[in-house]
Amino acid sequence: MQAIHTKSFKEQISEGIPTELPSLKPYETEINHAPKRKEILSEEEKKLALRNALRYFEPKHHATLLPEFKDELEKYGRIYMYRLRPDYRMYARPISEYPGKSEQAKAIMLMIQNNLDYAVAQHPHELITYGGNGAVFQNWAQYRLTMKYLSEMTDEQTLVMYSGHPMGLFPSHKDAPRVVVTNGMVIPNYSKPDDWEKMNALGVSQYGQMTAGSYMYIGPQGIVHGTTITVLNGFRKIKKNPEGSLFVTSGLGGMSGAQPKAGNIAGCVTVCAEVNPKITHIRHSQGWINEVIENVDELVIRVRKAQAEKEVVSIAYLGNIVDVWERFDAENIHIDLGSDQTSLHNPWAGGYYPVGISFEESNELMANNPELFKTKVKETLVRHAAAVNKHTAKGTYFFDYGNAFLLEASRAGADVMAIDGIHFKYPSYVQDIMGPMCFDYGFGPFRWVCASGKPEDLAKTDQIACDVLEEMAKTAPIEIQQQMQDNIKWIKEAQKNKLVVGSQARILYADAEGRMKIAEAFNKAIAKNEIGYVILGRDHHDVSGTDSPYRETSNIYDGSSFTADMAIHNVIGDSFRGATWVSIHNGGGVGWGEVINGGFGMVLDGTEDSDRRLKSMLFWDVNNGIARRNWARNEGAIFAIKRAMETQPLLKVTIPNVVDDELFKMV
């Protein structure tokens, strides 16, 4: 017997996995779906995957669900449990609309639904937020059960999440995190891409990306600000005015979709290539791109016009980025800044597409002949790098955007290595830009969400943050004045740039002092009933949260860039200093086995408890990373940690002694 839903939203949330199965749902072709994952399980492992999936359901349903789940596994390479997809619309509702005994838990439900909002998520029916495989959950049973637990929990319990699976509610206390999340935390020797494919197909682990599986993604805005700063500082680095200058890159997915908007804010001409028609037109309809061009001849004409007239315009090229680099070389179109933001952490399963083959043909090849697809991708990476090299020889400044482009290109045999054969010939954007200019000084992607869902609350928080930053800028040292002014300009223009997709959220780059003062001001405004609750968080891509040798910690030169102590300590420290939820992931951004990411969420409710927690946790969350960067002898971090010790007498950090290089000439 199949149930017909006549229940309210709150009742459906509280229900969890229904006693009676909901009706089968048609496969909606207009939705942007994840590509079929490759065949990787043996026949016995397929049976194990099915047993694993069926354990969520009462035995009376097993005979109905077994053939259905077997069909999903064969068709898509995963068991998503489409039948369990809720009938209600998926979006971040005002916090008051969620059932529950804990306001903190309601805030987490809000953030989970925001990650799965159709306007936010890359593959919403597969519970994937961005990056091709950045999942919130592995299947819809996990989603339903998690929401049920959150609707039941009190502030004396903690929900434990194992890679999308809600292990259960455990007794704790009000100052403990309400939720503790891990994603992909596997034994190190089993952390290769195929290990992920197998464990994910079995339903026992998932790739949480950076903020998908930790419920802190806020749409492309989350990276627009960082990309804007990167592009602006890239032009500053080459001493070029953005006006009339050309920035060429690729990728329009969940994270990379921010690039055209960032180019517009920076004030340059942006060309961003994307092979997926659906996501291209979504970004265009959302206003993140000005124009879409499908013919490379037309693109050449349009770019020349934009350069000559010094337009501020973003152009999506619906096609392969290699065609752009090669054609612009042949036409002698000068590229000032170049990068790439395809999902090369996931090169064999939809993160990067081969040149000369259509999008549809590529997806077929990926599923039916993965080895040939892999060969074609490697060949494309070699061509891609060769074309980039031709442009850099003409003066283009190219940087790796931390998406594993240079790493995968090197593995494919492309000409991307430096003369020493150890390092890459092009820097990571963190090495050259974000590390020394932002992370070392403690500046990173602080973000907040207005739990009321009211645009007027977001406008008020924008003004509060701006007032705090302007006051701080009056006495800020010269070393961080540029960062302060960039952020003041950003927050003043945030409303104008229409950055909100999904929840009423905002991001800006702030240091520990800025984050604490802004959060404190929010908490006071909540206490006065001027605004509703505010949910604080950050990207894992930050000062302390991530140990990633090819990205966030690529400007750590003491030999410790491959260690992950910082990210682990970050999450442990956040947990007992007052975070509402914490998460630790393997693999976000650059691939499984390549990085460890830590993140948090914190609910401000206007109470003295919130004030105490925010001051304790935010100070640690940033200064943990500055301390590590200081110990690596990073000049900006040494300055920043000494300044932090002056403001907090209880902080005592070991400062490195720097060796005079001249001494090595004597021995």
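When reading the values below, keep in mind they use all heavy atoms of this one structure, side chains included, and skip hydrogens, waters and symmetry mates. This one's a predicted model, so the numbers in the text were calculated from it and none came from an experiment.
Two rings, from His541 and Tyr429, have their centers less than 6.0 Å apart. Taking the six-membered ring for Trp and the full ring otherwise, the centers of His33 and Tyr27 sit less than 6.0 Å from each other.
With values rounded to the nearest 0.5 angstrom, Met566 atom CE is found 7.0 Å from Ile556 atom CD1. The structure places CD of Gln431 at 10.0 Å from OG1 of Thr553, a figure rounded to the nearest 0.5 Å.
Enclosure of atom NE2 in His334 by more than 12 non-hydrogen atoms of other residues, nucleotides or ligands within 6.0 angstrom is indicated. By the neighbour-count criterion of 12 heavy atoms within 6.0 Å, atom NZ of Lys376 is sparsely surrounded, having that number or fewer from other residues, nucleotides or ligands.
Side-chain atoms of Met199 and Tyr190, non-hydrogen and from C-beta on, do get closer than 4.5 Å to each other. Two residues are said to be in side-chain contact when any heavy atoms from C-beta on lie closer than 4.5 Å; Arg447 and Thr211 meet this criterion. Annotation: side chain of Phe137 is in contact with side chain of Ile112 (closest heavy-atom distance under 4.5 Å).
Of the charged side-chain nitrogens involved, none lies within less than 4.0 Å of a carboxylate oxygen, so that Glu371 and Lys374 do not count as a salt-bridged pair. We find that Arg37 and Glu126 are not joined by a salt bridge, their nearest charged nitrogen and carboxylate oxygen being 4.0 Å or further apart. Looking at Lys305 and Glu311, a side-chain N of the basic residue comes within less than 4.0 Å of a carboxylate O on the acidic one, giving a salt bridge. Using a cut-off of 4.0 Å between Lys/Arg side-chain N and Asp/Glu carboxylate O, Arg302 and Glu291 are scored as salt-bridged. In this structure, Arg327 pairs ionically with Asp297, as a charged nitrogen and a carboxylate oxygen lie closer than 4.0 Å.
For Trp288, the ring pair (Phe, Tyr, Trp, His ring centres under 6.0 Å) criterion is met by no residue, not counting sequence neighbours.
Under the 30°/60° scheme for interplanar angles, the aromatic rings of Phe399 and Tyr401 are found to stand perpendicular. Classification of the Phe439-Tyr509 ring pair by plane angle, with boundaries at 30° and 60°, yields parallel. Using bins of under 30°, 30° to 60° and over 60° for the plane-to-plane angle, the ring pair Tyr82/Tyr80 lands in the tilted bin.
For Ser358 (side chain) and Glu361 (main-chain N/O), a donor-acceptor pair under 3.5 Å exists by modelled atom type. His585 places a side-chain N or O within donor-acceptor distance of the main-chain N or O of Gln209, the cut-off being under 3.5 Å. A distance-only check finds a donor-acceptor pair linking the side chain of Tyr207 to the backbone of Gly591 [under 3.5 Å].
Paired with Phe398 under the rule ring-ring contact (aromatic ring centres under 6.0 Å, His included), one option of Phe424, Phe247, Phe405 passes, and it is Phe405.
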Could you give the side-chain donor-acceptor pairs of residues 270-280 under 3.5 Å, partners two or more places apart or in another chain?
from	atom 1	to	atom 2	distance (Å)
Glu274	OE1	Leu252	N	2.7
Glu274	OE2	Asn276	N	2.9
Asn276	OD1	Lys278	N	3.0
Asn276	OD1	Ile279	N	3.4
Asn276	ND2	Asn32	OD1	3.3
Lys278	NZ	Thr29	O	2.4
Lys278	NZ	Ile31	O	3.1
Thr280	OG1	Asn276	O	2.8

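Judged by the 6.0 Å and 45° rule, Arg78 forms no cation-pi pair with Trp140.
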